Participant: 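There's a structure below that I have some questions on.
Just so it is clear: chains get the letters A, B, ... in the order the sequence lines come, proteins before strands, and each one is counted from 1. From a predicted model like this one, the values you see are computed outputs, not experimental measurements.
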Amino acid sequence: MTGCCLPLLCAPPSPSMSNATAITPTREKDFPEWYQQVVRAADMAENSEVRGCMVIKPWGYGLWENIQRQLDAKFKETGHVNAYFPLLIPLSYLEKEAQHAEGFATECAVVTHHRLEAQKQEDGTTKMIPTGELAEPFVIRPTSETIIGAAFARWVESYRDLPLLINQWCNVMRWEMRPRLFLRTAEFLWQEGHTAHETEEEAITETRTMHKVYEEFLRDHLAIPVIPGEKTERERFPGAVQTFTVEAMVQDKKAIQAGTSHYLGQNFSKAANIQFLGRDNTRQFAYTTSWGVSTRMIGTLIMAHGDDDGVIIPPRVAPNQIVILPVTPKPETRDEVIAACEALAKTLRAQTYAGEPLRVHVDKRDLQGGAKNWEWIKKGVPMRLEMGPRDITSRSVAVCRRDQGPKAKEFVPKEDLIRSVVERLEEIQDALLARATALRDSNMKKLETMDEFKAFFAENSEGGFALMHWAGSSDDEETLSKELKVTIRCIPLGDQYAEEGKCFLTGKPSSRRVVFARSY
RNA sequence: CGGGGCGUAGCUCAGCCUGGUAGAGCGCUUGCUUUGGGAGCAAGAAGUCGUCAGUUCGAAUCUGGCCGCCCCGACCA
């Protein structure tokens with residue numbers, strides 16, 4: 001912890017510091033440190049005693065559960081079913097696809113023993129010594145293409161067995177050198193879809209379908225606009241023929257890959273021997289795909305929507321969409337106020353938003369009102385409602401929206417609120433998407449020359465997404481990325497990027513712009 | 001894994017240079033006061049100073065190894 005050096009700034013802002021923010025430092029001042037502080041202030045996750053592995057706390061895990069449930073529904077709608085495969089992968093499986101093996105080799109945790117032996121030490125303590133060395137070590141899955149491929153090889157015999165449309169929700173492990181809560185941890189939670197198809201065309205359609213599912217989920221559920229596109233060869237998933245990505249811009253104007261969908265061609269089916277007898281009575285290799293999103297999406301959400309008072313969670317995925325704060329200035333009216341809050345919560349829970357019952361919490365803890373209020377601001381609950389003795393008399397409720405300032409408060413007749421609450425949540429959801437879209441669009445520029453490009457990514461400039469004509473090679477891309485710390489995030493899909501021009505590096509003709517940015 | 005910074009109470013840190021075995025603020029507990037608000041006063045609980053070894057009569061403080069965390073880089077969802 002190097003930031004936050006002034007003791008004065010470390011204390012929570014006092015009421016007299018009217019311009020103070022709940023989070024120190026601000027985004028402007030030190031974005032990476034702001035991120036760390038926000039995750040902690042929102043009580044979403046913490047570093048654990050295990051290197052690189054986080055503890056996801058209830059508020060963070062509740063968000064993940066909502067993401068999981070809503071995405072899972074979309075997977076089911078598109079014909080997929082869930083299954084579960086082993087955590088441990090025989091080492092030899094990873095050797096089957098050369099590029100794939102090479103891609104993950106440097107970040108694998110390896111299991112080499114299967115038992116421990118207690119050994120008494122002279123000082124009375126006990127040491128556990130690994131024994132029972134395995135004939136073949138296992139790798140803790142960094143991804144499951146190989147082991148699911150082996151299962152698919154057993155399951156597929158005829159074209160009639162295809163397509164296989166499987167998804168798995170699980171944890172994976174990649175021994176990252178520089179972990180960061182949610183964004184890059186040694187162990188993380190994700191879903192990985194794996195499918196096998198009879199034809200190339202069908203597999204490509206599947207890849208694009210899931211790519212679209214991610215794009216829509218991020219936009220409609222997480223209120224994050226993304227640029228869907230294809231990765232260049234340099235950035236492709238190890239072993240894939242094509243990798244599609246959804247790239248989001250967060251508030252420091254860097255890009256973050258929020259989801260990927262890979263067309264694997266026959267690379268993995270040949271490696272795992274996924275063969276079937278086709279309609280023409282010949283043995284053929286299946287065409288496979290894989291696609292995934294991870295808990296990194298939570299980090300993306302925090303960086304996309306958070307402000308200097310903490311996290312802001314879009315209503316659709318918030319663990320609690322509404323928190324009711326009873327105002328209890330006098331002990332003698334406390335019971336009455338709590339009862340009124342509970343009654344309101346019950347009425348609200350009977351309503352649905354985006355097909356799910358409203359998630360309403362009444363915070364009855366015996367704490368100062370202000371402390372409670374700020375806690376929920378930092379956690380990013382979309383809507384706070386306050387109700388006290390005066391409101392009961394006037395039949396009104398104080399409504400605070402997290403997408404507005406911490407002091408913004410609107411007194412609304414209770415019946416009106418009940419009638420309009422879903423609409424209000426929708427407004428917050430829309431406002432967050434609009435805000436994130438405006439941020440992205442105002443920091444995305446079409447540039448033509450190398451000078452413009454260099455100025456855009458210069459040390460002290462804002463940066464952002466640079467839309468460039470590109471016809472360079474992988475080596476050109478490598479050189480450029482080393483020099484300016486930017487990469488091609490994707491070759492975006494969509495007509496708005498298709499136009500004739502000249503590559504800003506080589507001068508060769510180009511028919512489409514690509515997105516350059518610094519990235520996570 | 002390379003460069004830099006840092007590990008002292010739950011959190012943020014002071015003390016280390018000039019060795020004599022611990023402090024502050026916030027948080028926590030209790031009491032009183034206060035109450036549309038991250039409040040005030042008082043009392044209290046809480047740390048084998050990351051870890052292992054060395055130097056020393058004596059180590060948070062000096063030396064070395066290891067582990068971990070943070071920032072930058074390489075790598076990556």
Participant: Going by heavy atoms closer than 4.0 Å, what residues in residues 180-192 of chain A are next to RNA chain B?
Facilitator: Arg180(A), Leu183(A), Arg184(A), Thr185(A), Phe188(A)
Participant: The criterion is side chain to side chain donor-acceptor pair (under 3.5 Å); which residues satisfy it with Thr146(A), sequence neighbours excluded?
Facilitator: none
Participant: Any base atoms under 4.0 Å from Gly292(A), or only sugar-phosphate, or nothing? Heavy atoms, all strands.
Facilitator: nothing
Participant: Please name the nucleotide paired to A53(B) by Watson-Crick or G-U wobble geometry with both distances under 3.5 Å, or report none.
Facilitator: U63(B)
Participant: What contact category does Lys231(A) fall into here, base, sugar-phosphate, or nothing, at under 4.0 angstrom with non-hydrogen atoms?
Facilitator: nothing
Participant: Give one of base, sugar-phosphate or nothing for Gly299(A), where a contact means two heavy atoms less than 4.0 Å apart.
Facilitator: nothing
Participant: Under 4.0 Å, counting only non-hydrogen atoms across every strand here, what does Asp391(A) touch: a base, just sugar-phosphate, or nothing?
Facilitator: base
Participant: Without placing hydrogens or testing angles, list every side-chain donor-acceptor pair under 3.5 Å for residues 377-391 of chain A, not counting sequence neighbours.
Facilitator:
unit_1	atom_1	unit_2	atom_2	d
Arg384(A)	NE	Asn373(A)	OD1	2.8
Glu386(A)	OE1	Lys409(A)	NZ	2.8
Asp391(A)	OD2	Gly388(A)	N	2.7

Participant: Taking pairing as Watson-Crick or G-U wobble with both contacts under 3.5 Å, can you name the mate of G73(B), or confirm there isn't one?
Facilitator: C1(B)
Participant: When we call it a touch if two heavy atoms are under 4.0 Å apart, what does Gln368(A) touch: a base, just sugar-phosphate, or nothing?
Facilitator: base
Participant: Between Ala398(A) and Gln257(A), which has a closest nucleotide on RNA chain B that is more 5'?
Facilitator: Ala398(A)
Participant: Over all strands shown, is Thr260(A) touching base, sugar-phosphate only, or nothing at heavy-atom distances under 4.0 angstrom?
Facilitator: nothing
Participant: For the pair Phe516(A) and Phe453(A), name the ring-plane relationship: parallel under 30°, tilted 30 to 60°, perpendicular over 60°.
Facilitator: perpendicular
Participant: Both distances below 3.5 Å, Watson-Crick or wobble geometry, any strand: find the nucleotide opposite U29(B).
Facilitator: A43(B)
